[in-house]
Amino acid sequence: MVAPCRLSVADVLHVDTNTSKSHISGYPPLLAFTAMTGIRKKPRQQRSRATWDAILEAAAQLFGEQGYTGTTTNKVAERAGVSIGSLYQYFPNKEALLLALSEQHMEHSGTVLHTVFEHLEREHPGLEETVSRLVDAAVELHRHNPNMHRLLFEQTPRSPTLMARFQRLESLMAAAVGAQLRRLGVAGPRPEARALLLVQSLEAQIHGAVLSPPDGADTDTLVTEIKALCVASLAS
């Protein structure tokens, strides 16, 4: 669930309306994001993998502490305990570090959401329970790594490459949600558009409720209100 998408769902993903399952070249929904974005593989050798992991961990720490603009590749190399030359073997610039972290973040999100949709397909809960499970999953993703959410959606310049990856994940999410709306009989005359708007609005609402709740309001209360508003809008 990401920033507003410029792609239509149909441009990215075909939804089989007979089975309510999403497909991209044979990949299961949401997990197909990994194949689409071409997530960069880790080095094969153990020492190289350790260096790669140390660099990304240092980058994540510094981005969280100092933001995107305050972080430099020299600072990352120093924090990771490697030379700047070693860092450049894997990451040519600061944006490459950010992209690698965003891929990890979105791969994790796709895996979690894929599990949620698998359960929905198998158990066929009603509207309120379906909305509750989807919202709860999104809330936990925000709580899992709040600094990364803030970095990606509040502080980071939106490069074309990063935006393209956000758009793909959002399109996958909207297609999977659209399949559930069809199953529940609340898809309306334009299910792809409804699902995309739902994903975008929930992302914005949950982001605010978890990371920046207004004074006098706690996250749990806001999440309950988000669920109620979502159910009411779909049921009307």
Rounded distance [0.5 Å steps], CD in Gln89 versus OG in Ser48: 7.5 Å
Are the side chain of Thr111 and the backbone N or O of Glu107 linked by a donor-acceptor pair below 3.5 Å? yes
Identify the two heavy atoms, one from Leu184 and one from Gly126, that lie closest to each other, and give their separation to 0.1 Å. CD2-C, 3.8 Å
CG of Leu196 to CD of Glu170: how many Å apart, nearest 0.5 Å? 5.0 Å
With side chain to side chain contact (heavy atoms under 4.5 Å, CB included) as the test, would you mind laying out the steps for Ile206 and Val223 before giving the verdict? CA-CA 7 Å; Ile206 292 169; Val223 168; 5.9 Å; no
Output for pair (Leu181 CG, Leu198 CG), nearest 0.5 Å, gives 6.5 Å
Distance from Arg190 atom CZ to Glu192 atom CD, nearest 0.5 Å? 8.5 Å
Spell out, as yes or no, whether a donor-acceptor pair under 3.5 Å connects the side chain of Arg79 to the backbone of Glu57. no
Under 3.5 Å, is there a donor-acceptor pair between the side chain of Thr73 and the main chain of Lys94? no
Verify same cluster id: Val112, Leu202 (apolar side-chain graph, 4.5 Å): yes
Between Ser171 and Arg168, is there a donor-acceptor pair closer than 3.5 Å when you use the side chain of the first and the backbone of the second? no
Tyr68/Glu95 under side chain to side chain contact (heavy atoms under 4.5 Å, CB included): CA gap, chis, key distance, verdict: CA-CA 9 Å; Tyr68 184 78; Glu95 184 183 4; 3.9 Å; yes
Stepwise side chain to side chain contact (heavy atoms under 4.5 Å, CB included) check, Asp136 with Val116: CA-CA 10 Å; Asp136 286 344; Val116 173; over 6 Å; no
Inter-residue atom distance Asn93.CG - Leu98.CG, 0.5 Å rounding: 10.0 Å
Please tell me whether Leu127 and Phe117 are part of a single hydrophobic cluster in this structure, the criterion being side-chain heavy atoms less than 4.5 Å apart. yes
Testing Val135, Val131, Val186 for side-chain contact (heavy atoms from CB on, under 4.5 Å) with Val231, which one passes? Val131
Checking Leu62, Thr71, Leu56 against Leu97 for side-chain contact (heavy atoms from CB on, under 4.5 Å), the one that qualifies is Leu56
Please find the pair of heavy atoms, one from Lys227 and one from Ser132, that lie closest to each other, and give the distance. NZ-OG, 3.0 Å
Atom CD of residue position Glu65 - does it have more than 12 heavy atoms of other residues, nucleotides or ligands inside 6.0 Å? yes
Within 6.0 angstrom of Glu78 CD, more than 12 heavy atoms from elsewhere: no
Apply side chain to side chain contact (heavy atoms under 4.5 Å, CB included) to residues Gln66 and Lys75 and explain how you reach the verdict. CA-CA 11 Å; Gln66 302 182 21; Lys75 289 180 180 179; 2.9 Å; yes
Test of understanding: clusters of I, L, V, M, F, W, Y form through side-chain heavy atoms closer than 4.5 Å, transitively. Do Phe63 and Tyr88 belong to the same one? yes
Nearest non-hydrogen partners of Ala80 and Ala54, listed with the distance: CB-O, 3.6 Å
Is the closest side-chain heavy-atom distance between Pro214 and Leu222 below 4.5 Å? yes
Salt bridge between Glu123 and Arg133, side-chain N to carboxylate O under 4.0 Å? yes
Indicate whether the side chain of His144 and that of Glu140 have a donor and an acceptor atom separated by less than 3.5 Å. no
Between Ile84 and Trp52, is there a shared hydrophobic cluster once you connect ILVMFWY residues whose side-chain heavy atoms come closer than 4.5 Å? yes
What pair of heavy atoms forms the shortest contact from Thr219 to Ala209, and how long is it? OG1-O, 2.7 Å
What distance separates Leu172 CG from His114 NE2, expressed to the nearest 0.5 Å? 12.0 Å
What pair of heavy atoms forms the shortest contact from Ala100 to Phe91, and how long is it? CB-CE2, 3.7 Å
With no hydrogens and no angle check, is any side-chain donor or acceptor of Ser201 less than 3.5 Å from a backbone partner on Leu197? yes
Hydrophobic cluster membership, with links at side-chain heavy-atom distances under 4.5 Å among I/L/V/M/F/W/Y: are Leu211 and Val139 in one? yes
Considering only heavy atoms from C-beta outward, does the side chain of Glu129 approach that of Leu120 to under 4.5 Å? no
May I ask you to decide if Glu121's main-chain N or O and Arg183's side chain share a donor-acceptor pair within less than 3.5 Å? no
Considering all heavy atoms of both residues, which atom of Thr130 and which atom of Pro125 are nearest to each other, and what is their separation? OG1-O, 3.3 Å
